[in-house]
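A short write-up of the structure that comes next.
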Amino acid sequence: MLSKYNHKLLADFINKSLKEKKVVEKVAKDVVSSLIETSLRGVDSHGIRLLPHYLKAIDSGRINIDPNFIFNKTSEGTGKLDADHTFGHASGALAMNYALDMASENGISCVSVFNSTHFGAASYFSLIAARKNMVGISFTHADSLLLSHSSNRSFFGTNPICVTFPVMDEEPFCLDMATSLVSWNKILECRSSKKEIPKGWGVDKDGLDTTNPNEVRSLIPAGSYKGFGLSMVIEILCSFLGGMPYGHDITKMYSDPIDSKRNLAHFFMAIDISKFQPLDDFRLRMKNLMNLVRNEPRADYSTPVLCPGDPEKATFEERSKSGIPLDSETEKAFKKIANNLKFVLESI
């Protein structure tokens with residue numbers, strides 16, 4: 001049985017951990033918000049379990065704790081944001097808000113972010129847009145982990161895409177997916193918990209399917225060559241428009257020296273629905289569409305038909321009440337940090 005912790009207590013703990021490292025408030029607030037929301041939604045691979053790694057990255061100098069953000073508006077609907085090597089959670093949120101401001105005037109906008117770091121879950125940024133009644137689209141590239149089609153090794157990253165739409169009387173529709181079947185952090189979760197992985201998740205150094213998470217060197221693309229092709233498109237949108245490295249030249253999150261800068265790029269889009277259709281009409285049609293999908297006949301009566309984001313909505317509601325579970329390795333790391341901070345971190 002995993003220990004569970006109140007999400008508000010965890011938010012205070014993460015905030016104090018960042019403050020102890022002198023991370024400025026304009027950055028820390030989005031890191032805390034993103035990590036807590038992501039874990040509440042059940043995406044543990046990109047949630048609070050990453051805190052110990054981020055703290056090490058701060059100590060090494062990889063992550064800038066007090067960035068000088070520079071936004072260059074390149075047209076009425078486009079812009080570029082220099083993240084100054086700070087947390088991607090903060091630079092991404094700032095970029096999406098710039099995109100929302102421009103979209104409210106022009107209907108649609110795009111912002112490229114460069115000189116950034118890992119930004120956590122892409123859903124965090126797209127949901128900012130949907131909760132302001134706009135379409136939100138988020139991309140990032142990542143270090144080379146996705147098995148190239150017909151190759152035995154990786155070239156592109158797992159490069160995720162997230163698209164959100166506002167919905168009447170419920171939380172937004174949210175499709176948040178990597179271009180691999182699972183994220184690399186999911187493999188790391190299985191390593192730490194000493195669990196085998198299913199076939200079809202990853203391959204070893206020879207490009208052969210493996211169930212041993214310790215042998216995984218590349219992740220299998222979602223949809224075979226289609227996932228590989230989509231990853232390449234996202235790489236171009238991020239790396240080329242942001243002027244950042246691509247492929248094997250991207251600094252690896254874990255295996256490269258932790259004092260080396262990541263030089264990551266992200267790409268964000270916002271669409272003002274009201275410039276195309278009456279907002280309430282759109283939101284109501286979204287609600288009706290999602291309910292029609294949910295009411296489709298089941299192949300197995302015990303397994304409901306769901307829309308993208310439905311499992312995360314249910315997990316968010318459950319964990320908001322019962323707490324966020326921590327695996328033993330993360331709990332041990334948190335307890336060590338808490339002791340150094342003299343912070344009382346008790347499970348529910």
Side-chain angles (χ1 to χ4, degrees), residues 38 41-47 50 88 92 110 112-113 116-127 135-165 173-190 197-204 207-210 213 216-242 244-255 262-269 307-309 311-312:
T38 301
R41 286 167 53 80
V43 189
D44 295 312
S45 59
H46 285 62
L50 293 176
C110 302
S112 171
V113 177
S116 191
T117 67
H118 188 251
F119 78 0
S123 59
Y124 179 66
F125 315 103
S126 293
L127 285 170
V135 178
I137 305 174
S138 303
F139 305 95
T140 190
H141 64 175
D143 43 306
S144 177
L145 287 169
L146 187 81
L147 181 67
S148 296
H149 186 63
S150 298
S151 179
N152 63 1
R153 71 169 192 168
S154 308
F155 187 86
F156 298 117
T158 57
N159 300 359
I161 174 176
C162 180
V163 183
T164 58
F165 302 102
F173 167 100
C174 180
L175 171 68
D176 184 3
M177 55 169 278
T179 48
S180 54
L181 284 174
V182 295
S183 70
W184 185 253
N185 282 319
K186 189 70 176 176
I187 302 296
L188 296 181
E189 276 188 78
C190 292
I197 62 172
K199 285 187 175 181
W201 278 20
V203 299
D204 62 17
L208 301 176
D209 201 335
T210 180
V216 175
R217 296 295 177 269
S218 300
L219 299 173
I220 294 176
S224 184
Y225 63 89
K226 296 181 180 180
F228 168 71
L230 182 57
S231 178
M232 187 171 181
V233 169
I234 295 170
E235 190 95 1
I236 295 165
L237 284 172
C238 294
S239 299
F240 284 38
L241 295 182
M244 292 286 99
Y246 61 88
H248 297 303
D249 291 333
I250 295 175
T251 301
K252 296 184 182 300
M253 183 170 179
Y254 296 108
S255 57
R262 295 297 309 282
N263 292 311
L264 293 183
H266 323 302
F267 194 74
F268 302 96
M269 299 177 65
C307 294
E312 289 81 3

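Computed from a prediction, not measured in an experiment: that's the story for all the values here.
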Has Met232 got more than 12 heavy atoms of other residues, nucleotides or ligands less than 6.0 Å from its CE?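 No.
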Return yes if some donor-acceptor pair links the side-chain N/O of [X] with the main-chain N/O of [Y] below 3.5 Å, else return no.
| X | Y | result |
| --- | --- | --- |
| Ser231 | Gly157 | yes |
| Ser154 | Leu145 | yes |
| Thr117 | Gly88 | yes |
| Asp143 | Ile250 | no |

Can you measure from [atom1] ([X]) to [atom2] ([Y]) and round to the nearest 0.5 angstrom?
| X | Y | atom1 | atom2 | answer |
| --- | --- | --- | --- | --- |
| Tyr254 | Trp184 | OH | CH2 | 10.0 Å |
| Ser183 | Glu189 | OG | CD | 7.0 Å |
| Cys238 | Phe268 | SG | CZ | 8.0 Å |
| Leu146 | Asn159 | CG | CG | 7.5 Å |
| Phe155 | Tyr246 | CZ | OH | 6.0 Å |
| Ser218 | Asn152 | OG | CG | 8.0 Å |

Side-chain contact, heavy-atom cut-off 4.5 Å: [X] with [Y]?
| X | Y | answer |
| --- | --- | --- |
| Ile220 | Asp209 | yes |
| Val216 | Trp201 | no |
| Val182 | Ile187 | yes |

Residues Ser126 and Thr164: side-chain donor-acceptor under 3.5 angstrom: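 No, because no side-chain N or O of Ser126 sits under 3.5 Å from a partner of the opposite role on Thr164.
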Between Arg41 and His46, is there a side-chain donor-acceptor contact under 3.5 Å, judged purely by atom types and distance?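 No, no side-chain donor-acceptor contact under 3.5 Å.
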Please report the C-alpha distance between Cys174 and Glu312 in whole Å, then the side-chain angles of each, then the deciding distance to 0.1 Å, and finally whether the side-chain contact (heavy atoms from CB on, under 4.5 Å) criterion is met. CA-CA 9 Å; Cys174 180; Glu312 289 81 3; over 6 Å; no
After noting the C-alpha distance and the side-chain angles of Arg153 and Arg217, does the key distance pass the side-chain contact (heavy atoms from CB on, under 4.5 Å) rule? CA-CA 8 Å; Arg153 71 169 192 168; Arg217 296 295 177 269; over 6 Å; no
Nearest heavy-atom pair of [X] and [Y]: which atoms, and what distance?
| X | Y | answer |
| --- | --- | --- |
| Ser116 | His266 | OG-NE2, 2.8 Å |
| Ser239 | Ala265 | N-CB, 4.4 Å |
| Asp204 | Thr210 | N-CG2, 4.0 Å |
| Leu147 | Phe228 | O-CD1, 4.2 Å |

Residues two or more places apart in sequence or in another chain: which of them pass ring pair (Phe, Tyr, Trp, His ring centres under 6.0 Å) with His141?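 Here no residue qualifies.
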Thr179 pairs by side chain to side chain contact (heavy atoms under 4.5 Å, CB included) with which of Leu219, Ile234, Val233?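 For Thr179, the side chain to side chain contact (heavy atoms under 4.5 Å, CB included) check succeeds only for Ile234.
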If you apply the rule side-chain contact (heavy atoms from CB on, under 4.5 Å), what do you find for His118 with Leu50, and how did you get there? CA-CA 10 Å; His118 188 251; Leu50 293 176; 3.7 Å; yes
Evaluate side-chain contact (heavy atoms from CB on, under 4.5 Å) for His149 paired with Ser224, printing each intermediate quantity in order. CA-CA 7 Å; His149 186 63; Ser224 184; 3.6 Å; yes
In terms of the angle between their ring planes, are Phe139 and Phe267 parallel, tilted or perpendicular, with boundaries placed at 30° and 60°?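 Tilted: the ring planes of Phe139 and Phe267 meet at 30° to 60°.
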